[in-house]
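Taking it in order: structure first as structure tokens, then the write-up.
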Amino acid sequence: MDKKDLIAHSPVRYFDVTNAGLKDGEMGLITAKKGLGKTSVLVQFGIDSLLNDKALVHVSFDQKSSNVIAWYSSVMAEIAKKKNFNISDLEEDIVRNRTILNFNQETFTLPKVVNTLKALKEGGIKLDCVVVDGLDLAKTSADDLKCFADFIKSQKMNAWFSFTNDASDLKGTLDSAKLDSFATVAHLANDSNTLSLSILKNGEGKVRLDAKTLLMSK
């Protein structure tokens, strides 16, 4: 087994059929109520990027590095178990291009995150993709969000954000000025005892999540 097998069987392949995937320079947003599985979805995007040899920065505003590492290990183990893969030989190689950053929203704004990312690049660390988890976008200004989006665009990277929000429609997610920064918006919710990710902007359809593993599936 090699990375090609894992890429082919990545849960993100189920997301690809919605045509909501990000192009270089774009940002995406996953919303859901607290505790439903946003972090798992972001980690699946992160792992898919790592499998494709893209350097990933995972920015967390609400979890310690040890918790973030545990999320990646858990999701990779579930992917391997589902497809009967032995991922142990590849795990170290997969995560070597991952950088984890922890910030507190009370003291650290998105422009400061941009400065940190710039410093990493200047220090010789390659950056291709960013995951931003746990940031309260309701407390984030549209200008700060645009600053981050402009950086992502200028570097031809892509970034996925999570946001705790119950709204199942685009209008109820964020105000239009903030939504303009996101090419893709998807909402995770329980629908008739089925956990599914519905595309609200850019693309169409739904992606089911396994209620036990939280992996995207058929």
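Of all non-hydrogen atoms in Ser168 and His187, the two that sit nearest each other are CA-CD2, 3.7 Å. Nearest heavy atoms, Gly37 versus Leu188: C-CD2, 3.7 Å. The minimum heavy-atom distance between Phe182 and Leu174, with the atom names listed, is CE1-CD1, 4.1 Å. Here the shortest heavy-atom pairing between Ser65 and Ile100 reads OG-CG2, 3.7 Å. Pairing each heavy atom of Thr164 with each of Lys34, the nearest pair is CG2-N, 3.6 Å. Considering every non-hydrogen atom in both Gly21 and Glu26, the closest pair reads O-OE1, 4.3 Å.
Judged by distance alone, the side chain of Ser74 and the main-chain N or O of Trp71 form no donor-acceptor pair under 3.5 Å. Checking side-chain atoms of Asp175 against main-chain N and O of Ala177 turns up a donor-acceptor pair under 3.5 Å. Side-chain atoms of Glu122 do not come within 3.5 Å of backbone N or O of Leu117 as any donor-acceptor pair. Checking side-chain atoms of Ser10 against main-chain N and O of Leu6 turns up no donor-acceptor pair under 3.5 Å. A donor-acceptor pair under 3.5 Å links the side-chain atoms of Lys178 to the main chain of Leu137, judged by distance alone. Looking at Lys118, its side chain never comes within 3.5 Å of a backbone N or O of Val113 through a donor-acceptor pair.
Follow the hydrophobic side-chain contacts under 4.5 Å out from Ile69 and you never reach Ile125; the two are in separate clusters. Both Val68 and Leu42 are part of a single hydrophobic cluster, where members link through side-chain heavy atoms under 4.5 Å apart. Residues Val59 and Leu145 share a hydrophobic cluster, clusters being chains of Ile/Leu/Val/Met/Phe/Trp/Tyr side chains in contact below 4.5 Å. Linking Ile, Leu, Val, Met, Phe, Trp and Tyr whenever their side-chain heavy atoms come within less than 4.5 Å leaves Val131 and Val185 in two separate clusters. In the hydrophobic cluster analysis, where Ile, Leu, Val, Met, Phe, Trp and Tyr join through side-chain heavy atoms closer than 4.5 angstrom, Leu195 is grouped apart from Val17.
Residue Ser49 holds its OG atom at 6.0 Å from CG of Asn158, rounded to the nearest 0.5 Å. Between Thr107 atom OG1 and Gln105 atom CD the span is 9.5 Å, to the nearest 0.5 Å. Separation of atoms NZ (Lys23) and NZ (Lys156) is listed at 15.0 Å; rounding is to 0.5 Å. Distance check: Leu56 CG to Asn97 CG gives 9.0 Å after rounding to the nearest 0.5 Å. Here the straight-line distance linking atom CG of Leu200 with atom OG1 of Thr31 works out to 6.0 Å at 0.5 Å rounding. Arg208 contributes atom CZ, which lies 3.5 Å from atom OG of Ser217 (distance to the nearest 0.5 angstrom).
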Worksheet item: So Thr109 and Asp144, side-chain hydrogen bond (donor to acceptor under 3.5 Å, both in side chains) or not? Walk me through it.
Response: CA-CA 7 Å; Thr109 62; Asp144 282 3; 4.6 Å; no
Item to complete: Would you check, one step at a time, whether the test side chain to side chain contact (heavy atoms under 4.5 Å, CB included) holds for Arg98 with Leu50?
Response: CA-CA 7 Å; Arg98 180 192 64 196; Leu50 292 168; 4.1 Å; yes
Discussion item. For Arg13 and Asp16: C-alpha separation, side-chain torsions, deciding distance, then whether salt bridge (Lys or Arg N to Asp or Glu O under 4.0 Å) applies.
Written reply: CA-CA 5 Å; Arg13 300 290 77 78; Asp16 290 344; 2.7 Å; yes
Worksheet item: After noting the C-alpha distance and the side-chain angles of Leu170 and Leu179, does the key distance pass the side chain to side chain contact (heavy atoms under 4.5 Å, CB included) rule?
Response: CA-CA 9 Å; Leu170 194 60; Leu179 282 174; 4.0 Å; yes
Discussion item. Checking Asp128 against Lys126 for the salt bridge (Lys or Arg N to Asp or Glu O under 4.0 Å) test, could you report, in this order, the C-alpha distance in whole Å, the side-chain angles of both residues, the deciding distance, and whether it holds?
Written reply: CA-CA 7 Å; Asp128 296 307; Lys126 183 185 176 186; 3.6 Å; yes
Fill in: Step-by-step side chain to side chain contact (heavy atoms under 4.5 Å, CB included) determination, Leu214 to Val41
CA-CA 8 Å; Leu214 297 180; Val41 173; over 6 Å; no
Item to complete: Take Val114 and Leu110 through the test side chain to side chain contact (heavy atoms under 4.5 Å, CB included) and record every step on the way to the result.
Response: CA-CA 6 Å; Val114 169; Leu110 280 180; 5.6 Å; no
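In this structure, Tyr72 and His58 have side chains that are in contact, with non-hydrogen atoms separated by less than 4.5 Å. Between Leu120 and Leu101 there is a side-chain heavy-atom pair separated by less than 4.5 Å. Contact check for Asn190 versus Leu36: side-chain heavy atoms found under the 4.5 Å cut-off. Side-chain contact between Thr39 and Gln63 is present, with at least one heavy-atom pair separated by less than 4.5 Å. Between Ser40 and Val75 the shortest side-chain heavy-atom distance falls below 4.5 Å. For the pair Asp169 and Thr173, the minimum side-chain heavy-atom distance is 4.5 Å or more. Looking at heavy atoms from C-beta onward, Asp24 lies out of side-chain contact with Met157 at the 4.5 angstrom threshold. With contacts defined as side-chain heavy-atom distances shorter than 4.5 Å, the pair Leu209/Leu215 does not qualify.
For Tyr14, there are no ring-ring contact (aromatic ring centres under 6.0 Å, His included) partners, not counting sequence neighbours. Taking the side chain to side chain contact (heavy atoms under 4.5 Å, CB included) definition, one finds that Ala159 meets it with Met27, Val130, Phe148, Ile152, Phe161, sequence neighbours left out.
For Lys121, the NZ atom counts as densely surrounded, since its 6.0 Å shell holds more than 12 non-hydrogen atoms of other residues, nucleotides or ligands. More than 12 heavy-atom neighbours from other residues, nucleotides or ligands sit within 6.0 angstrom of NZ on Lys201.
Between Ser162 and Asp133, the side chains place a donor N or O and an acceptor N or O closer than 3.5 Å (distance only, hydrogens not considered).
Residue pairs that meet the ring-ring contact (aromatic ring centres under 6.0 Å, His included) test with at least one member in residues 16-46, sequence neighbours left out, are Phe15-Phe45, Phe45-Trp160.
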